[in-house]
2 protein chains.
Amino acid sequence: MASCNHDSCVRKVPIFSDLDNEKITKLNNLVKNREFKNGELIYMEEQIGENIYIIESGLVKLYRSNEAGNQYILRLLKEGDFFGELVLFKEEKLSSSAEAVGDCSICLIAKDELEKLIKSSPELSHKLLSAITSRLNKTENKLQSLALEDAKEKTMRLLLELAKESGIKKENGILINLPLSRDGLANLIGTTQETLSRKLSELQNEGIISMQGQKEILIKND
Amino acid sequence: MASCNHDSCVRKVPIFSDLDNEKITKLNNLVKNREFKNGELIYMEEQIGENIYIIESGLVKLYRSNEAGNQYILRLLKEGDFFGELVLFKEEKLSSSAEAVGDCSICLIAKDELEKLIKSSPELSHKLLSAITSRLNKTENKLQSLALEDAKEKTMRLLLELAKESGIKKENGILINLPLSRDGLANLIGTTQETLSRKLSELQNEGIISMQGQKEILIKND
DNA sequence: CGTTGATTTGATTAGATTCAACATATGTGG
DNA sequence: CCACATATGTTGAATCTAATCAAATCAACG
């Protein structure tokens, strides 16, 4: 666990990005860096959360499992996103697990230290509040989607979301690089890989999307 | 719209409850009170949110609608709960609607004023952060439930949640007073009134619950 | 190539929705 | 207080969607 001397990691994060230099320096001293290999667990539900995590590079999936061993992926996080924040100001068990999707470089800040910093910085706490509020809003969107939409609608919504997050604009549409296997993607929308596969085929037959290999999908214009 | 002279309304709210007297006084001056009749809309999605709301008495349901006109109830709020907080620090449209369930007395605080107060009070912003974080956690619980559980499990979870929120302990179990019609309850767990009705009957046949009239359910011990 | 893992497609089944009928409250005016 | 009308809740039968299980393709890699 090396200390994170380059401050890219901190500046990369929207909620920290425009703090004054003094605060940034303080933060940098608190930040540790760790590498995780594909599939490695960053933390596990039921543990006590001791850090807040920031993704310097790579992807992380946050998921929950139930007694039956089924998992549901709450969110897929990328460079600059932070997670583990649910334990701030609480002595609580983590309610989700975090796992590296591909190799990742993660920065971590001890929860206690960050709490101190937040308490002493109105602007930081304000930014955090705003970030978590927006997180809550997105989560409520998903809730609505799961409750009201059928598999096809959820599939389309997933594609549009991925396009918005990291789609590449082409002359004939938006190209998406799928970050997960069919199974993982299906899991993101609360369905099975088979159903997702069928819905993708349907969408392709209808001329709405075009699959290019297994890892790329083009959402066509109009 | 009367000013809310009795400060019960503010003190009732956990996030405000143990602020110092000076802050409480300030807050009291900001708070307005309004009555809403059963079914009356408090605000509507797509509007610009200008207030934060606190329930002094009564119930409020927060829901979202889609284009097809279907609605999904995000949460059911009671005395002491606050809502409308998603617009804090954002110039944003509301993404849900709020409706009075039964007659309600609601306190409102202008968003701008509350933001100022939050900025000047680290403890308040800390409490708010903590409240919204816990809200997020609960929302993620629901997401997991919707994604992984079948109608019967969701029904049972709903009952347990209601019991936790406002159940009355009896010698033979916990008595729940149902706050909504079957339709509303079904909506809370993303299913239909018919399915909920069937699942309740099943649970009763299995001896797990006992329906007492239409508005009360006893969850039996063991 | 041949093996392995991922994806797609097919056939069957299970669970939930829908539509319809019936039953049970709730409310109103006579 | 009753009779009727309206709301709400329950149950049944048909239908449909998605899950499951199984088989067939496809892709990646030594």
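We name chains A, B, ... by the order of the sequence lines, and we start the count at 1 in each one. The shown structure was predicted, so the numbers you read here are calculated from the model rather than taken from an experiment.
The interatomic distance linking A:D150 (CG) with D:dA18 (C1') rounds to 10 Å, in whole Å. Remark: P of D:dG9 and CD of B:Q204 are 15 Å apart, rounded to the nearest angstrom. One can place CD of A:E202 at 15 Å from P of D:dC16, the figure rounded to the nearest angstrom. Following rounding to the nearest Å, B:R182 (CZ) and C:dT24 (P) show an atom-to-atom distance of 14 Å. Here C:dT8 presents its C1' atom at 15 Å from CG of A:L178, a figure rounded to the nearest Å. B:L185 places its CG atom 13 Å from the P atom of D:dT8, with the value rounded to the nearest Å. Taking atom CG of B:L148 as the reference point, atom P of D:dA19 lies 11 Å away to the nearest angstrom. As a whole-Å value, the separation of A:M211 CE from D:dA27 P is 12 Å.
B:R34 has a carboxylate O that lies under 4.0 Å from a charged side-chain N of B:E40, or vice versa, which qualifies the two as a salt bridge. Between B:E202 and B:K199 a salt bridge is recorded (basic side-chain N to carboxylate O distance below 4.0 Å).
In this structure the side chain of A:K152 reaches within 4.5 angstrom of the side chain of A:L203, judged on heavy atoms.
D:dA18 takes the anti form, because its glycosidic angle lies more than 90° either side of 0.
Under the Watson-Crick or G-U wobble criterion, with both distances below 3.5 Å, D:dA23 is paired with C:dT8. Figure legend. C:dT26 is base-paired to D:dA5; pairs are counted as Watson-Crick or G-U wobble with both atom distances under 3.5 Å.
For B:R198 and D:dG9, a side-chain-to-base donor-acceptor distance below 3.5 Å is absent, hydrogens and geometry of angles not being considered.
For the residue pair B:S97 and B:E45, a side-chain donor N or O sits within less than 3.5 Å of a side-chain acceptor on the partner. Counting only N and O atoms by type, the side chains of B:E140 and A:T139 include no donor and acceptor under 3.5 Å apart.
Each of B:G213 and A:K199 has a nearest nucleotide on DNA chain D; the 5'-most of these lies closest to B:G213. Comparing B:S201 and A:A151 by the nucleotide of DNA chain D whose heavy atom lies nearest to each, the residue mapping closer to the 5' end is B:S201.
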Distance-only donor-acceptor pairs under 3.5 Å for side chains of residues 103-111 of chain B, two or more places apart:
residue, atom, partner, partner atom, Å
B:D103, OD1, B:N38, N, 2.8
B:S105, OG, B:N33, ND2, 3.2
B:S105, OG, B:E56, OE1, 2.7
B:K111, NZ, B:V87, O, 3.0
B:K111, NZ, B:K90, O, 2.3

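An OP1 or OP2 oxygen of D:dG9 is reached within less than 4.0 angstrom by a side-chain nitrogen or oxygen of B:K215.
Between B:E85 and the options B:R75, B:R135, B:K127, a salt bridge (Lys or Arg N to Asp or Glu O under 4.0 Å) holds for only B:R75.
Within residues 189-197 of chain B, the residues having any heavy atom closer than 4.0 Å to DNA chain D are, in order of number, B:E194, B:S197.
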